[in-house]
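Written out below as structure tokens is the structure these notes cover.
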Amino acid sequence: MKLPTAGKPHDELLAEMRALQDGDADWHSGKIWSLVYFAGDDVAEVLKEAYTTFLYTNGLSVAAFRSLQKLESEVIAMTAELLGGSEAVGNMTSGGTESILMAIKTARDMARARRPDLSEPEMVLPVTAHPAFEKGAHYFSVKPVHIPVDEEFRADVEAARAAITDNTVLIVGSAPCYPYGTVDPIPELAALARERGIGCHVDACVGGFLLPFLRRLGYEVPPWDFGVPGVTSISADLHKYGYAARGSSTVMYRSKEVRRHQFFSYADWPGGLYGSPTMAGSRPGGAIAAAWAVMNYLGEEGYLRLARTVMDTAQKLKDGINAIPGLQVMGKPDASIFSFASDSVDIYAVADAMDSRGWHLDRQQMPPKLHLVVTPAHKEIAGQFLADLEDSTQSAATEGPTPGDRAAMYGMLGSLPDRGAVEKVIQDFLDRATEPKEDPMAGLPGGGGRGSEAS
Ligand SMILES: *Cc1c(COP(=O)(O)O)cnc(C)c1O
């Protein structure tokens, strides 16, 4: 494959690209349960126009693009208020992962500023924390120290206390965690951090633009934001329940003093003085503009309306799942993200049966379970989902896993004791993912061949 010698016409290209999308997950009608947060065609139009209006702008220079300075600083100010910290400061990033990477680097450098001798920094995190923390640990040479969760799938505070050493620079909690949708005991974790003068990061990537509205609607939400003493940073993704365009998140800090440790500056480059707040150099102005647009388009009323829809739909789904013989929702999810398992059927065989009905469900492991992130797109389709789920559970119970389907593979990969071997499988998948003619699922052990992504 090489660059075409002659360019192709606009219309022909777009037709070719649209045809490719026929094979994608059907997010518009809500048949996918992660990856896309669709709030309706009207919101989509606002995002598209805002994004394309700022398509060529670059958030690297607020001197050249004063417009972006205004938009980003207002997004940050509105976010700070939502997160209970009117004094809080922050930056927009490309996503939850970048926000988390920045929070880890900031906590490490804040600790080093006080203790220049600190050579082997550590962070304490629940096993349910997002893999972006492992990535950050790997990139920034901070040792991850894992703590278990309790029977409600919330971080074990006593284990956190015991895991802290003189080298600990950061304690992590989630609001909520992705696998179970439960909020960790943030006041207790933050108090431990405060006693020692170290960072406490709350990962509200998925909850940051949902939980504040749940509280206003009267739902009971455990304390998790800057109102909790000792919380030093929070990540909150605009491109999840903020309903912004993909490629936008926020990383927020209690004070400017904390955030100083995030910045990068270099004064000796022949190309000029260089400063950049986050990982990225050039930054898409479109993502900043779209975030500002959707926040102002929806307003508090719009977010409250969507939050109510999402919570009503989640309740209907949880009740419906618990009513299907053999299926149980796990723990006590605090919002609209949850997982369910089975004590009688192979839950991965249920997922395969759902695949063949056009659904796209995340398979989770340890223990095997399926996962739902409920969005406004699911309101109309929840009834059909439950009917299909009941059928799929029955067929999995009577027929068991279909040979060549994904169930056997996920079962095997989830329980293989040699996790290094499983990581190699993942890396082989990543290799295949950039080869144009390959089906990345095809080379997986135990069959595969359907779908296009390792969830
Ligand atoms: C989505 C998510 C992340 C990572 O965000 P990306 O935008 O995918 O990089 C981190 N933590 C939690 C709890 C999440 O739900």
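Atoms within each ligand, like the ligands themselves, are counted from 1 in listed order.
- Using a cutoff of 4.0 Å between basic side-chain nitrogens and carboxylate oxygens, Asp312 and Lys316 are not scored as salt-bridged.
- Ligand 1 does not have Ile337 within reach: every non-hydrogen atom of the residue lies 4.0 Å or more from it.
- Here His239 and Tyr37 keep their ring centres 6.0 angstrom or further from each other.
- Distances between N or O atoms of Lys240 and those of ligand 1 include at least one value under 3.5 Å.
- If you look at Thr97 next to ligand 1, the close heavy atoms, those under 4.0 Å, come from the backbone and the side chain alike.
- Neither the backbone nor the side chain of Ala132 has any atom closer than 4.0 Å to an atom of ligand 1 (non-hydrogen atoms only).
- Using a 4.5 Å heavy-atom cutoff, the side chains of Arg305 and Phe213 are not in contact.
- At the shortest separation from atom 12 (C) of ligand 1 among protein heavy atoms lies Asp203 OD2, 3.3 Å.
- Where the criterion is an N or O separation shorter than 3.5 Å, residue side chain and backbone included, Gly96 meets it with respect to ligand 1.
- Salt bridge Arg154/Glu188: absent, no basic N to carboxylate O contact under 4.0 Å.
- Looking at Glu98 against ligand 1, nothing comes within 4.0 Å, counting heavy atoms.
- The aromatic rings of Tyr243 and Tyr303 sit parallel to each other, their planes meeting at less than 30°, with 60° as the upper class boundary.
- The aromatic rings of Tyr410 and Tyr348 lie tilted to each other, with the angle between the two planes from 30° to 60°.
- Every atom of ligand 1 with a heavy atom of Tyr178 under 4.0 Å away is listed here by number and element: 15 (O).
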